[in-house]
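First comes the structure, then the notes that go with it.
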Amino acid sequence: MPDVPGLAERWGKSVFHCPYCHGYELRRGRIGVIASSELSMHHALMLPDWGETTLFLNEAFVPDDGQMAQLRKRGVTLERQPIARISDHATVELSDGRAVALDGLFTITRISRADPLAEQLGCDFDHGPMGPVVKTDAMKETTVPGVFACGDIARMAGNIALAVGDGTMAGAATHRSLMFADL
Ligand SMILES: Cc1cc2nc3c(=O)[nH]c(=O)nc-3n(C[C@H](O)[C@H](O)[C@H](O)COP(=O)(O)OP(=O)(O)OC[C@H]3O[C@@H](n4cnc5c(N)ncnc54)[C@H](O)[C@@H]3O)c2cc1C
């Protein structure tokens with residue numbers, strides 16, 4: 001995640017990545033988007049549907065004229081001053097001494113896997129803007145025959161419902177592959 005002091009400690013408590021998971025919990029409050037790259041435009045343009053939104057550029061990118069027009073159209077407040085740290089629940093302290101108290105923060109992270117098993121088995125990866133995910137077909141089989149993958153490791157921007165659904169498919173497909181392998 002962006003290298004902002006105080007951000008990591010608040011991950012999952014007042015710092016989130018998924019508007020659909022956590023936007024509703026903020027009860028139309030004050031929302032901050034901490035930019036990590038130009039991709040943060042996506043967050044900034046979505047989140048006004050869940051609350052009053054400020055985009056903190058934090059020197060991650062500079063919006064062009066078209067992006068500025070989109071931000072204005074969605075009523076997003078733009079803050080260009082770099083961030084010094086996050087304090088309290090979700091207060092953004094700026095490098096010029098100002099502080100903006102918010103109800104929650106969103107930032108776009110890059111994902112990494114907990115262990116190298118998929119690489120060791122020779123699985124191919126799709127490379128998305130948030131990082132690599134194991135490539136699978138509709139039955140959740142990877143590019144290595146007989147190896148199946150499901151959940152966050154095998155899709156970008158996952159959630160629990162999708163992980164459970166993918167797991168159901170991968171489980172059934174694994175059983176079929178074992179059962180029919182020797183017939
Ligand atoms: C901050 C945050 C908030 C979220 N909020 C929501 C929400 O509100 N609603 C929602 O639907 N989704 C939410 N999500 C997304 C959701 O948590 C994931 O999509 C979901 O947990 C994915 O399930 P999974 O089984 O693929 O992976 P995980 O839940 O990550 O489970 C993988 C498990 O495998 C274990 N593991 C890894 N390597 C090994 C190994 N070698 N041997 C044995 N075990 C291993 C790990 O320890 C872990 O327990 C949130 C995610 C985050 C990060």
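We use all heavy atoms of the structure for the numbers below, so side chains are in, but hydrogens, waters and symmetry mates are not. These numbers come from a predicted model, not from an experiment.
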Note: Ala60 and Ser37 closest approach over all heavy atoms is CB-N, 3.9 Å

With rounding to the nearest 0.5 angstrom, report the CD1 to CG distance, Ile86 to Leu105. 5.5 Å

Stepwise, does the side chain to side chain contact (heavy atoms under 4.5 Å, CB included) test hold for Val133 with Ile111? CA-CA 9 Å; Val133 292; Ile111 53 167; 3.8 Å; yes

Should Met130 and Ile108 be marked as a side chain to side chain contact (heavy atoms under 4.5 Å, CB included) after you check the CA-CA gap, both sets of side-chain angles, and the distance that decides it? CA-CA 8 Å; Met130 292 171 66; Ile108 292 182; 4.3 Å; yes

For residues Glu79 and Arg98, determine if any side-chain heavy atom of one lies less than 4.5 Å from a side-chain heavy atom of the other. yes

With rounding to the nearest 0.5 angstrom, report the CZ to CG distance, Arg30 to Leu102. 6.5 Å

Closest non-hydrogen contact found for Val134 with Ala118 is CG2-CB, 3.8 Å

Heavy-atom check, side chain of Met46 versus side chain of Arg74, under 4.5 Å: no

Over 12 foreign heavy atoms within 6.0 Å of CG, Asp137: yes

Inspect the surroundings of CG in Asp3 and state if more than 12 heavy atoms from other residues, nucleotides or ligands are less than 6.0 Å away. no

Looking at every heavy atom in both His43 and Val33, which two are closest together, and how far apart are they? CB-CG1, 3.8 Å

Given side chain to side chain contact (heavy atoms under 4.5 Å, CB included), test Thr77 with Thr53 step by step and report yes or no. CA-CA 6 Å; Thr77 303; Thr53 303; over 6 Å; no

Quick one, Phe56 with Val100, criterion side chain to side chain contact (heavy atoms under 4.5 Å, CB included). Give me CA distance, side-chain angles, the key distance, then yes/no. CA-CA 10 Å; Phe56 295 87; Val100 186; 4.1 Å; yes

Distance-only side-chain donor-acceptor flag, Glu141 / Ser177, under 3.5 Å: no

Treating Ile, Leu, Val, Met, Phe, Trp and Tyr as nodes and any side-chain heavy-atom pair under 4.5 angstrom as an edge, say whether Leu78 and Leu47 lie in one connected cluster. yes

Using the rule that two of Ile, Leu, Val, Met, Phe, Trp, Tyr join whenever any of their side-chain heavy atoms come within less than 4.5 Å, decide whether Leu39 and Val62 are in one cluster. no

Looking only at atom types and distance, does a side-chain atom of Thr91 sit under 3.5 Å from a main-chain N or O of Asp88, one as donor and one as acceptor? no

Reported OG1-to-CE distance for the pair Thr136 and Met169, which is rounded to 0.5 angstrom: 10.5 Å

Under 4.5 Å between any side-chain heavy atoms of Met156 and Pro129, yes or no? yes

Is a salt bridge present between Glu119 and Arg113, judged by a nitrogen-to-oxygen distance below 4.0 Å? yes

Within a radius of less than 6.0 Å around CZ of Arg110, do more than 12 heavy atoms belonging to other residues, nucleotides or ligands occur? yes

Calculate, to the nearest 0.5 Å, the distance between atoms SG and CZ belonging to Cys21 and Phe106 respectively. 9.0 Å

Test of understanding: clusters of I, L, V, M, F, W, Y form through side-chain heavy atoms closer than 4.5 Å, transitively. Do Ile160 and Phe16 belong to the same one? no

Would you say the side chains of Ser87 and Glu93 form a donor-acceptor pair under 3.5 Å? yes

Ring center gap for His22 and Trp50 short of 6.0 angstrom: no

Return yes if some donor-acceptor pair links the side-chain N/O of Thr143 with the main-chain N/O of Asp124 below 3.5 Å, else return no. yes

Under a 4.0 Å threshold between the charged nitrogen and the carboxylate oxygen, would Arg27 count as salt-bridged to Asp103? no

Tell me whether Lys135 is salt-bridged to Asp126, with the criterion being a basic N under 4.0 Å from an acidic carboxylate O. yes

Looking at His89, I want to see if its NE2 is surrounded by more than 12 non-hydrogen atoms of other residues, nucleotides or ligands under 6.0 Å. yes

Could you measure the distance from the CG atom of Leu7 to the CG atom of Asn58? Nearest 0.5 Å is fine. 9.5 Å

Residue pair Ala170 / Lys140: nearest heavy atoms and the distance that separates them: CB-CB, 3.8 Å

Using every non-hydrogen atom in the two residues, find where Met139 and Phe148 come nearest and quote the distance to one decimal. O-CD2, 3.8 Å

Kindly work out whether a path of hydrophobic side-chain contacts (I/L/V/M/F/W/Y, heavy atoms less than 4.5 Å apart) joins Trp11 to Val92. yes

Would Leu55 and Ile34 show up in the same hydrophobic cluster when neighbours are defined by side-chain heavy atoms closer than 4.5 Å? no

Is any side-chain heavy atom of Ile83 less than 4.5 Å from a side-chain heavy atom of Leu94? yes

Using atom types as modelled and distance alone, determine if a side-chain donor or acceptor of Arg155 lies under 3.5 Å from a backbone N or O of Cys150. no

List the steps and the verdict of salt bridge (charged side-chain N to carboxylate O under 4.0 Å, His left out) for Glu52 and Arg28. CA-CA 7 Å; Glu52 191 183 315; Arg28 305 210 58 78; over 6 Å; no

Under the 3.5 angstrom rule, does the side chain of Thr142 hit a backbone N or O of Val147 as a donor-acceptor pair? yes

Mind checking the CE-CG spacing from Met41 to Leu57? Nearest 0.5 Å is all I need. 9.5 Å

Verify, without hydrogens or angle tests, whether Asp115 (side chain) and Leu117 (backbone) share a donor-acceptor contact under 3.5 angstrom. yes

Nearest heavy atoms of Ala157 and Leu162, plus distance in Å: O-CD1, 4.4 Å

